[in-house]
Amino acid sequence: MRGLRRIAAHGPEPARIVGGVLVGLVVAMALVGPLLVEGSPTRQDLSAVLQPPSPEALLGRDHLGRSVLVRLVHAARLSVSLGAAAVMAAAVPGILLGLLAAWAGGWTDRVLSGVGDAVLALPGLLLVLLVVALAPGAFWPLFIGLSLAMWVEWFRVTRAASAALLSSPAVEAARLLGFGPWHVLRRHVLPEMAPLFGTLAAFGFAGAVLAVGALGFIGIGLRPPTAEWGLMMVELLPYYDEAPLAMLAPALCLFALVLGLQLLAGRDPR
Amino acid sequence: MGGVARALLRRGVQAALVVVLVSVLCFTLVRLLPGDQALRVAEGRYGYDRVTAASADAVRAELGQDRPAIEQFLAWVGRLAQGDLGASLVTGERVAAEIAYQLGHTLLLSLAALALALLAGPALGLLAGLRPGGALDRAGMVGAAALRAMPVFALGIGLMVLFGVMLGWLPVAGFHDAENIVLPALALGLGLAAASARVARDATVAATNAPFFSFALLRGLSRAQAVRQHVPRNAAVPVLAYLAVNLALLVEGVVVVESLFGWPGIGHALSHAIAARDVPMLQGTALSLGLIFVGLNAFTDVAILAVDPRRRG
Amino acid sequence: MTPSLVIEDLRVGAGRTALLRGVSLGVLPGVPLTIVGETGSGKTLVAEAAMGTLAPELTASGRIVLGGAASEAGDRVARRHLWGRGIALLPQEPWLALDPTMRVLPQVAEGHRFVRGLSSSKATARAREDLAVLGLTDAAARFPHQLSGGMAQRVAVAAARAGGAPLLLADEPTKGLDADLRAAVVALLRGALQAGGALLCITHDIAVARALGGEMMVMLDGEVVERGDAAQVLTAPSHAYTRRLLAAEPEAWADTDTAAPGDAVLSAHDLAAERGGRRLFEGLNLTIGAGEWVAATGPSGCGKTTLGNVLLGLLRPATGEVRRRGGVAHTRYQKLYQDPVATFAPRLDLRTALGEAARLHGVPWPQVAAMLNRLRVADALLDRRPDQVSGGELQRIAIARALLPDPVFLFADEPTSRLDPITQQETMEVLRDVSTERRLAVLLVTHDQAMARKLAARQIALGRA
């Protein structure tokens, strides 16, 4: 009891705790869900179309008789891994190039910032769409498009924050004392930027998951019969009256993941 | 050079970048597309069963596919520079004419959503921020967090089911009457309005804690007078700055919402063009959405400059 | 004559800690009252109690008579209706207290319009007159960020007094301003005394009290230790603390017996520097010898700091060159900053920070500990983060850090301008001793002419270009 109260008084705000729990639940579902819930997400059973929840299919069956729960956990694995991979693929080059631009300044900075501005000229999803148009329905264009649209955010935030830090009196003093770039990075730049990176990662993750869902929903993301939340919703839209749970479940999962990530992230860093 | 001129110049450069980016991507798309492009064009134009090798050859010559890539690209850009967007591979209609028809619908929908984000959201945020921790503040923050996390398409379906089907108050499809726009505009604007309400709330709290606000009280102004004189303008700055960064969400939402509600705008046409690999149409719609994005950006730039004298410099 | 403000036996506490222990005072029209005290003496609490703006967690007792009515000091609502009408507060750092998105004229007009109830056009006309009296006619259409510190100060006075309050309360009116603006601020405050006005001024700066005249009070640890006629207190102080405070003024410091400077550690020839396309200085020749102190003085924006940074090689000169003594490591040219907090990694404890710098220069820890002892830094302080120690303590730790590479030259950029007078004197004494022992050359940048005269054998006066 006392421990709880201390966390409430000194620990992270309640919103972050709720966010952490939500994200933890969905990620756990993605990691262990497919192991716990047996069955194939694409196995049809046309004799059990739109069946209500039963011991074999706890959330019922969809319009092709596939288990909604099985599809749900596989879709979770897809969204979580695609989101995490896109964030990593955006963060690594974004951070490195941002540090490079801030450190080198001059032409390096101008060229990199120019490239960043060019990518940002288009809304991110539009860029993803144009890349996805190369091979609609495939996984790789989606991943490449998302990373391509997202790295700029990391680049710009890293560049601005590290430029401010590098010109601070603390870094000037460290350099006058003879400390090298590695020390400056380790002591003065990265510790100050770590919370920023956490926030960016959470927002980026949420954005990627939402984009995957939205593209699936409008029929230009992943293709059926892939188990994907947006796709599941649009497939079941005509049957929402007969099987409301089948349509609601993916929406709730997506909502929980995005809400959790946003609560975890706190304030928008931009 | 004044701040406004500088901002507009920057947006002009962005517009040029949009044109270059979209045309290069679309040209790459044509080159990379599997199958004989000319055959597909001919199919689109003359119908699937009436296409002949001769008509495909005619189209091929017309597209200039027998020439080297760089020459083709220059021709591609040259046509674009003359304002020639080509014809849709699916309908055979001129792309420019189709977009001219769709543009009005998209602008109407975007502006309705933007009004929600610029007026309703900040107004509620301001009220909540004046009594931080109060009932409105708490309820509003929970609601805003939920709306912000709701995918646009899920929100759209929710609105359709609730108001269109269960309550039967509003039409879920169609685009001829004024009431047709209500649900799509809500689906598109609510998330943005929730986010701007949140920003406005924080900005209001910040403004009422700022030294200039306490100085206004200490000079003898009543709280109501001090709020009226000093809070809205100062709180507007972060709200506009937030919107400027998040306009991308609006344009992205247009694609999803138009597709969901069958709204005959550019976003809807874009998703169709991708599914049908209708490159000229894809290029035209992507260009239009990109330029709408630039236009909205320019608008917020000017609005921010109008509110915040520090940035005019 | 009835006093404009009377405070009787004011006591303020935070929990069990007493912050103010029975302060009484009276402010008469036409006679300024200045309260002098250092950070933490409780002088600002007096102003907050008078207004009724004490933080809600503080308890207060005592009686306050303002605008002819008496009320309890703890009653935060009783004097609310007198704000702007009976008592006007000039806030600290007034450029932050003006609305950044509103032009100057309407901000001043607010008092006339909302407090005096004039029509909008009449209020604007009156505000225009107010600004004209203060020589601010040209500033009427400007925004606060377009004002200099001194102008913002005058605008804030006009805005604060627009409601017609006879009593002006000024809290640290010279904070953040150059010393050469002090006379102007004092003249501005004296202007409030005309036409039967009254003035209560709170400051850490004895020079303000001296210039204002009238009555003065000296506060220490929540108590008034001395009060009386300003001229008398300043010439014949009776309390030991007042004497110490007066002795801490640079004018009163002991003169330095300067030893002859040694070999040159640094020389500059025909130096010129620019900032933002503006030429700050040119044709500057300078040689600094071992153990020598040179002071650079001048108003803000004159290029004092730029000069030091050019000498250290942090900035490139527009023309000319800087030569260092041959064979001396680059790191033996060091710098002290105005705000030491900003020069340490914010999340790192000071022991680790010093330890890493000591290891880098091969200084064994016992030697560091001895130096800290010499600089009177308690060992326990090192386990804190930079923002958890006082400004004076952190500046001494920063001195210790700068000494680790065994420097021959130190650029001290206004190292004490944010410290209380007594702490300032102590810090400078320590620095002077260390410099004498180690034959350390110092370029001192300061806007305090007296300090420059006392410490440096030579001065470079930079003017506003």
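Keep in mind that this is a model prediction, so the values were computed, not measured. Atoms considered below: every heavy atom in the structure, side chains included; atoms not considered: hydrogens, waters and symmetry mates. Order of the sequence lines fixes the chain letters, A, B, ..., with proteins taken first and strands second; residue numbering starts at 1 for each chain.
- Ranked by heavy-atom pairs shorter than 4.5 Å toward chain A, the options B:H268, B:Q283, B:M160, B:Q14 are led by B:Q14.
- With a threshold of 4.5 angstrom between heavy atoms, B:A146 approaches chain A through its backbone and through its side chain.
- Note on ring orientation: taking the six-membered ring where Trp is involved, the planes of B:W263 and B:H105 are perpendicular (angle over 60°, cut-offs 30° and 60°).
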> So A:R159 and A:D109, side-chain contact (heavy atoms from CB on, under 4.5 Å) or not? Walk me through it.
Replying inline: CA-CA 9 Å; A:R159 175 183 168 274; A:D109 182 26; 2.6 Å; yes
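- Within a 6.0 Å sphere centred on CZ of A:F197, heavy atoms belonging to other residues, nucleotides or ligands number more than 12.
- Contacts of B:V256 with chain A are made by both backbone and side-chain atoms, with heavy-atom separations under 4.5 Å.
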> Hey, mind stepping through B:F153 and A:I218 against side-chain contact (heavy atoms from CB on, under 4.5 Å) and telling me if it holds?
Replying inline: CA-CA 9 Å; B:F153 52 93; A:I218 56 176; over 6 Å; no
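- One finds no salt bridge joining A:R110 and A:D117 here, because no Lys/Arg side-chain nitrogen approaches an Asp/Glu carboxylate oxygen to under 4.0 Å.
- Heavy atoms closer than 4.5 Å to chain B are found in the side chain of A:F217, but not in its backbone.
- By the 4.5 Å heavy-atom criterion applied to side chains, A:M29 and A:C253 are counted as neighbours.
- Side-chain atoms of B:N246 come within 3.5 Å of backbone N or O of B:Y242 as a donor-acceptor pair.
- When the candidates B:I157, B:L250, B:V199 are compared by the number of heavy-atom contacts under 4.5 Å with chain A, B:I157 comes out ahead.
- In this structure, the portion of B:L270 lying under 4.5 Å from any heavy atom of chain A is its side chain and not its backbone.
- For chain A, the option among B:V13, B:V161, B:L247, B:V20 with the highest count of heavy-atom pairs below 4.5 Å is B:V161.
- Contacts of A:L261 with chain B are absent, with no heavy-atom separation under 4.5 Å from either backbone or side chain.
- Of the two parts of A:L127, only the side chain, counted from C-beta on, holds a non-hydrogen atom closer than 4.5 Å to a non-hydrogen atom of chain B.
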